[in-house]
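Keep in mind it's a predicted model, so treat the numbers as computed, not measured.
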Amino acid sequence: MLAANLLTLSATLYACSFINFAALIANYNVDHCFEMTGQGTQLDVWYLRSLGPGALPALDRFVQHQSRTVSAEDASIRELAGWYAQDEARFCAGQENWRGWSFRDWRLNRALDRRGPFVVPPMSEPFMPGR
């Protein structure tokens, strides 16, 4: 009986080591929040930020949805976008040390790189002297 329980516990812990719980929780909260579906409770952005870098893709999806549906001049959206940019910069700065490398963080970094820059500056003509 003891051996069977120990084996079950070991198998469960081993299986859970492959699940990114922060991303799982963040994706569920974003998919079911009031701002995305129109029903449910409002999203607790502070809680999402406390989950760590694994929640960045879900937070990115939320910010993009909010910027499409709410006017771009809304101060709360600009503030949320600023927080997101700070969290992403902090995560990318932590990847500079090779000892901090992990496969999960590498995959997250690839996903953030594929997305491109969060804020795209407006197009302007390059400076040409004598023009």
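Under the side-chain contact (heavy atoms from CB on, under 4.5 Å) criterion, Tyr28 pairs with His32, not counting sequence neighbours.
To the nearest 0.5 Å, the span separating CG on Leu48 from CG on Leu56 amounts to 10.0 Å. A distance of 13.0 Å separates CG of Leu6 from CE of Met1, quoted to the nearest 0.5 Å.
Residue pairs meeting the salt bridge (Lys or Arg N to Asp or Glu O under 4.0 Å) criterion with at least one partner in residues 37-50, sequence neighbours excluded, are Arg49-Asp87.
The nearest pair of heavy atoms linking Ala55 to Ala26 is CB-CB, 3.6 Å. Nearest approach of Cys33 to Val30, heavy atoms of both residues: SG-O, 3.3 Å. Closest heavy-atom contact between Ala58 and Asn27: CB-OD1, 3.3 Å.
Between Leu43 and Met36 there is no side-chain heavy-atom pair separated by less than 4.5 Å.
Other members of the cluster containing Leu13 are Leu9, with ILVMFWY side chains joined at under 4.5 Å, either directly or via other members.
When the side chains of ILVMFWY residues are joined at heavy-atom separations under 4.5 Å, either directly or via intervening members, Trp46 and Val63 end up in a single hydrophobic cluster.
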Requested in this report: Output, in order, the C-alpha distance, side-chain angles, deciding distance and verdict of side-chain contact (heavy atoms from CB on, under 4.5 Å) for Asn29 and Phe62.
Outcome: CA-CA 10 Å; Asn29 285 346; Phe62 177 74; over 6 Å; no
